[in-house]
A.B. asks: 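Let me give you the structure first, and then I'll get to my questions.
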Amino acid sequence: MKFFIDSANLNEIREAASLGILDGVTTNPSLIAKESNVNFKEHILKICEILNWEGASVSAEVVATDYEGMLREGRDLAKIHPNVYVKLPMTKAGLQGTHTLSKEGIRINQTLIFNATQALMSAKAGSTFVSPFIGRLDDIGHEGMGLVGEIREIFDNYGFNTQILAASIRHPLHVIESARLGADIATMPFKVIEQLLKHPLTDIGLANFLKDWEKVKQ
Ligand code: E4P
C-alpha cells in the first residue's frame, strides 16, 4: 500500500519523506491557500524536488471548471515536473478532461469522488487515481469506508488498472480499514502519519528500559 501525505507544507513533506514511508503528496487549493504567499507552480516544483525519485507522485489540482480551462491548466501543471499528476474534479468537464489529458499521457487523479458510479466513470475515462473522500462522507452520516470496498469490488470485476486513493482520511482507523479493503493508496495529513507510528506501550516500554539501564551504571 502506498502512503501519500495530504499537505502542501514543505516542512511536513520533508519530515514525512525522511521516515522512508512516503510515496507521494496530494495537494488541493485549500491546502495551498494555507501556505502563505506561495507561487502555486513554484511551490509544486519545490514539493517535486523533495519527492524527486522515479515513481513518486505529486498531485496538483486545476481550478478551472470548464473543459478548455482544465486542459490548459492541466497541461501547464504536467510540465512542471515528471512526477506531477493532475487533479481534476469529478464533474462532466472533469471527466472530459480526464479522457483528453490521459490520452496525451498526463496522469489524472480524479478528485471529489463520493460514489461508486463516479469512480467507475472516471476509470473508464482513463484516470490513474480515483480519490474517494472518506472523512467527508462520514461527516454527513454515510459510511465512507463502504465506498472504498465497493470501488475495489467493481475495479476487480472488470480488471481496471485505476488505483484507489483513499482520501479525506482523519484518523488511523481509516488507514487500517483502507488497507484491509484493498485501497492502493491512502493520503493522510501529517498528524495521522505521526499517529500511525505511535503506541503508548512503546513509550512506556522504552521509559522502563532506560530507567532499568540507569542501575547498570555503564
Ligand atoms: C485529497 O486529495 C484531498 O486533498 C483531501 O484528502 C481532502 O481531505 P479533507 O476532507 O480533510 O479536506
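In listed order, ligands and their atoms are each counted from 1.
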A.B. asks: For His99, look at atom NE2 and say whether over 12 heavy atoms of other residues, nucleotides or ligands are found less than 6.0 Å away.
C.D. replies: no
A.B. asks: Give me the nearest non-hydrogen protein atom to atom 7 (C) of ligand 1 as residue plus atom name, then the distance to 0.1 Å.
C.D. replies: Phe133 CE2, 3.6 Å
A.B. asks: Do any nitrogen or oxygen atoms of Asn109 lie less than 3.5 angstrom from nitrogen or oxygen atoms of ligand 1?
C.D. replies: no
A.B. asks: Suppose we measure from atom 12 (O) of ligand 1 to each protein heavy atom; which comes out shortest, and what is that distance?
C.D. replies: Arg136 NH2, 2.8 Å
A.B. asks: Measuring from atom CG of Asn9 to atom CD1 of Ile47, what distance do you get when rounded to the nearest 0.5 angstrom?
C.D. replies: 9.0 Å
A.B. asks: For Met188, state whether at least one heavy atom is located under 4.0 Å from any atom of ligand 1.
C.D. replies: no
A.B. asks: If the contact criterion is a heavy-atom separation under 4.0 Å, does Glu61 count as touching ligand 1?
C.D. replies: no
A.B. asks: What's the shortest distance from atom 8 (O) of ligand 1 to any protein heavy atom, and which residue and atom give it?
C.D. replies: Ser168 CA, 3.3 Å
A.B. asks: Could you list which atoms of ligand 1 come closer than 4.0 Å to a heavy atom of Ala167?
C.D. replies: 1 (C), 6 (O)
A.B. asks: Got a second to check how far Ile106's CD1 is from Thr128's OG1, nearest 0.5 Å?
C.D. replies: 10.5 Å
A.B. asks: Among Leu165, Thr98, Thr91, Val86, whose side chain to side chain contact (heavy atoms under 4.5 Å, CB included) with Gln110 holds?
C.D. replies: Thr98
A.B. asks: Counting non-hydrogen protein atoms only, what is the nearest one to atom 4 (O) of ligand 1? Give residue, atom name and distance.
C.D. replies: Asn28 ND2, 2.7 Å
A.B. asks: Could you check atom 2 (O) of ligand 1 against the protein and tell me its nearest heavy-atom contact, residue, atom and distance included?
C.D. replies: Lys87 NZ, 2.6 Å
A.B. asks: Could you tell me whether the side chain of Asp23 and the main chain of Phe3 form a donor-acceptor pair under 3.5 Å?
C.D. replies: yes
A.B. asks: Among Ile80, Ile32, Thr27, which residue meets the side chain to side chain contact (heavy atoms under 4.5 Å, CB included) test with His43?
C.D. replies: Ile32
A.B. asks: Could you grab the distance from atom CG of Leu120 to atom CZ of Phe160, nearest 0.5 Å is fine?
C.D. replies: 5.0 Å
A.B. asks: In the protein, which heavy atom is nearest to atom 5 (C) of ligand 1, and how far is it?
C.D. replies: Asp6 OD2, 2.8 Å
A.B. asks: Indicate yes or no: does an N/O atom of Thr111 lie under 3.5 Å from an N/O atom of ligand 1?
C.D. replies: no
A.B. asks: With a cut-off of 6.0 Å (strictly less than), are more than 12 heavy atoms of other residues, nucleotides or ligands near CH2 of Trp213?
C.D. replies: no
